[in-house]
**Q** 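Submitted below is the structure of interest, expressed as structure tokens.
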Amino acid sequence: MHATSPLTQRQLIWLDADQSLGLDAHARFADLGWDVQVFDRLQTAVASLPRAQAIVLRLDQGVERLRQLNQGLSAQGLELPIICRVGFYVAAQIATTKFELRLCALGARATSPNYAFYQ
């Protein structure tokens, strides 16, 4: 039994080209009141952005996908929290290029003020 009814579920966009979301994770999110929509490319997720309350984005080779996502949100006049999942390569790149990442976050702050980076 889910903790919330479908009418009160919030939509979460899971945007990850490398790793889909397993059934157990889907069930845990649903128990917390989240309806997770899984996409492997930003182009396929664009139509669902207006209904979302948050986005989980995997950064695999740098911050380019984050820039593209912010452009897509801006084009639709949306402001959504973005939770960034990063792999080892990106974590190392972030650690060595914090200045570039800060500039990216500052430039995108007008459309998405909430950034969180997790490995």
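No hydrogens, no waters, no symmetry mates; every other heavy atom, side chains included, goes into these values.
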**Q** Could you check if a side-chain atom of Ile82 sits within less than 4.5 angstrom of a side-chain atom of Leu73, using non-hydrogen atoms only?
**A** yes
**Q** Measure the spacing between CG of Leu78 and CG of Asn70 and express it to the nearest 0.5 Å.
**A** 11.0 Å
**Q** Report yes if the side chains of Trp34 and Arg28 come closer than 4.5 Å at any heavy-atom pair, otherwise no.
**A** no
**Q** Would Leu15 and Val56 count as a side-chain contact (heavy atoms from CB on, under 4.5 Å) if you check the C-alpha gap in whole Å, the side-chain angles of each, and the deciding distance to 0.1 Å?
**A** CA-CA 6 Å; Leu15 188 55; Val56 174; over 6 Å; no
**Q** Drop me the distance from Leu80's CG to Ile55's CD1, to the nearest 0.5 angstrom.
**A** 4.5 Å
**Q** One pair to check against salt bridge (Lys or Arg N to Asp or Glu O under 4.0 Å): Asp35 and Arg10. What are the steps and the verdict?
**A** CA-CA 6 Å; Asp35 174 28; Arg10 299 161 292 181; over 6 Å; no
**Q** Give, for atom CH2 of Trp14 and atom CG of Leu57, the distance between the pair rounded to the nearest 0.5 Å.
**A** 10.5 Å
**Q** Go through Arg58 and Asp18 one step at a time and tell me if the side-chain contact (heavy atoms from CB on, under 4.5 Å) criterion holds.
**A** CA-CA 8 Å; Arg58 180 178 182 86; Asp18 297 327; 3.5 Å; yes
**Q** Report the distance from atom SG of Cys84 to atom CZ of Arg65, rounding to the nearest 0.5 Å.
**A** 10.0 Å
**Q** On a heavy-atom basis, which atom in Phe39 and which in Thr44 lie closest, and how many Å separate them?
**A** CE2-O, 3.3 Å
**Q** Could you tell me the separation between the NE2 atom of His26 and the OG atom of Ser20, rounded to the nearest 0.5 Å?
**A** 6.0 Å
**Q** Would you call Gln37 and Arg51 a side-chain contact if the rule is heavy atoms closer than 4.5 Å?
**A** no
**Q** Got a second to check how far Arg41's CZ is from Asp16's CG, nearest 0.5 Å?
**A** 14.0 Å
**Q** Give a yes or no answer on whether the side chain of Gln76 reaches the backbone of Val46 with a donor-acceptor pair at less than 3.5 Å.
**A** yes
